Protein chains: 2
Amino acid sequence: MSCVNEFAPQLRARGFRATPQRMVILHVLRHAGGHLTPSQVFEQARIDLPGLTEPTIYRTLEFLATSGFVLAAHVGNGKMVYELAEAQHHHLICRHCGASTEIEHAPLETLYHQLEVTTGYRLDSSHVTLFGLCPACQS
Amino acid sequence: MSCVNEFAPQLRARGFRATPQRMVILHVLRHAGGHLTPSQVFEQARIDLPGLTEPTIYRTLEFLATSGFVLAAHVGNGKMVYELAEAQHHHLICRHCGASTEIEHAPLETLYHQLEVTTGYRLDSSHVTLFGLCPACQS
DNA sequence: ATCCTTATTGCAAGTTTTTGCAATTGTATC
DNA sequence: GATACAATTGCAAAAACTTGCAATAAGGAT
């Protein structure tokens, strides 16, 4: 749990609270390599904090996502998944076998800038998920 | 309803059936300018076809999406929305006011090709949703 | 026109996600 | 440290979505 101490001051500095629930959820996300569904987070987090309830999981994940601490993404099946927002990246999912590959943000930068100019929007560092067939499933 | 007649032969040619449920749902999507949630489709469609049930809405929308007749997208709130797959496009959503702008597919072509080369995946004509602040909300 | 096959639907029950509100508990201030 | 304010949580109930399976009906063959 000491590995998520960095988040407490960051939360407080923005007027939020560093509650045990949030710390445990961040801790779970940090130690899961990759993205987790709300149910998976719930399973893990309730071990460290037995009183934890499901509505709290959903609300906390949404809160952490909109505050930029975690990244929310869709991976094809209509389920939302969450992961720590460490490095800006995107996902490429094989719609046949479900394999998932990370895409660096760099190749998207040019496109982002171009779209900002043509649309007038200021783009967030949003999470993009692309779908396709992985090399193994192209037969 | 005659405006969705074009879909019946397209369905049958691929071994699917042109059921009243599918026709009504396609009809609803055609006459709704823009994307609808499953509940909105349900509300509209049950007027023309009273027996229609919710599971059928969800299953039909998913079926139409994976067969390429409609486009499925996420617009920020974790809800899935659907619209007729007429022209290949993407969405740019303002995370402050919810305004939504369509993005042509053309500017993404180069990027798609580049990613196909570097990852080995063959990309679908997938739907991408980007988030940002619209001109009016940048204050 | 009728029959047959099988894709598709409806039903009922389950799971997942959201919402409103009262009770709790962080944190800033004294 | 004790106090007060407001953010956050838990509870309970509702809404949204999914799943399994038996009944239906679309479309091809006779």
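Treat the numbers as computed from the prediction; the structure is a model and nothing was measured. Chain A is the first sequence line, chain B the second, and so forth, proteins listed ahead of strands; every chain is numbered from 1.
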- prompt: Val70(B) and side-chain contact (heavy atoms from CB on, under 4.5 Å): which partner among Thr60(B), Leu29(B), Val41(B), Leu36(B)?
  reply: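 Result for side-chain contact (heavy atoms from CB on, under 4.5 Å) with Val70(B): Leu29(B).
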Pairing residues for Tyr58(A) by the ring-ring contact (aromatic ring centres under 6.0 Å, His included) criterion, not counting sequence neighbours: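 Not a single residue meets the ring-ring contact (aromatic ring centres under 6.0 Å, His included) criterion with Tyr58(A).
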task: List in numerical order all residues of residues 7-34 of chain B for which some heavy atom is under 4.0 Å away from an atom belonging to DNA chain C.
output: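 The answer is Phe16(B), Arg17(B), Thr19(B), Gln21(B), Arg22(B).
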query: To the nearest 0.5 Å, how far apart are NE2 in His35(A) and NZ in Lys79(A)?
result: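 Separation between the atoms: 14.0 Å.
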- prompt: Less than 6.0 Å separating the ring centroids of His74(A) and His91(A)?
  reply: no
- prompt: Which parts of residues 55-65 of chain B get close to DNA chain D, meaning a heavy atom less than 4.0 angstrom away?
  reply: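 Close to the strand are Pro55(B), Tyr58(B), Arg59(B).
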- prompt: Does Leu49(A) belong to the same Ile/Leu/Val/Met/Phe/Trp/Tyr cluster as Met23(A), with side-chain heavy atoms less than 4.5 Å apart forming each link?
  reply: yes
query: Which word best sums up how the rings of His90(B) and Tyr112(B) line up, parallel for under 30°, tilted for 30 to 60°, or perpendicular for over 60°?
result: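 The arrangement is tilted - the two ring planes meet at 30° to 60°.
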message: Check Glu6(B) with Arg30(B), please: is the shortest side-chain N to carboxylate O separation under 4.0 Å?
response: yes
Euclidean distance, atom [atom1] of residue [X] to atom [atom2] of [N] [Å, nearest integer]:
X        : N       : atom1 : atom2 : value
Phe42(A) : dT15(C) : CZ    : P     : 14 Å
Glu54(B) : dA12(C) : CD    : C1'   : 13 Å
Leu52(B) : dT24(D) : CG    : P     : 18 Å

- prompt: Is there a donor in the side chain of His113(B) and an acceptor in the side chain of Glu109(B), or the other way round, less than 3.5 Å apart?
  reply: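 On atom types as modelled, these side chains do not qualify, holding no pair under 3.5 Å.
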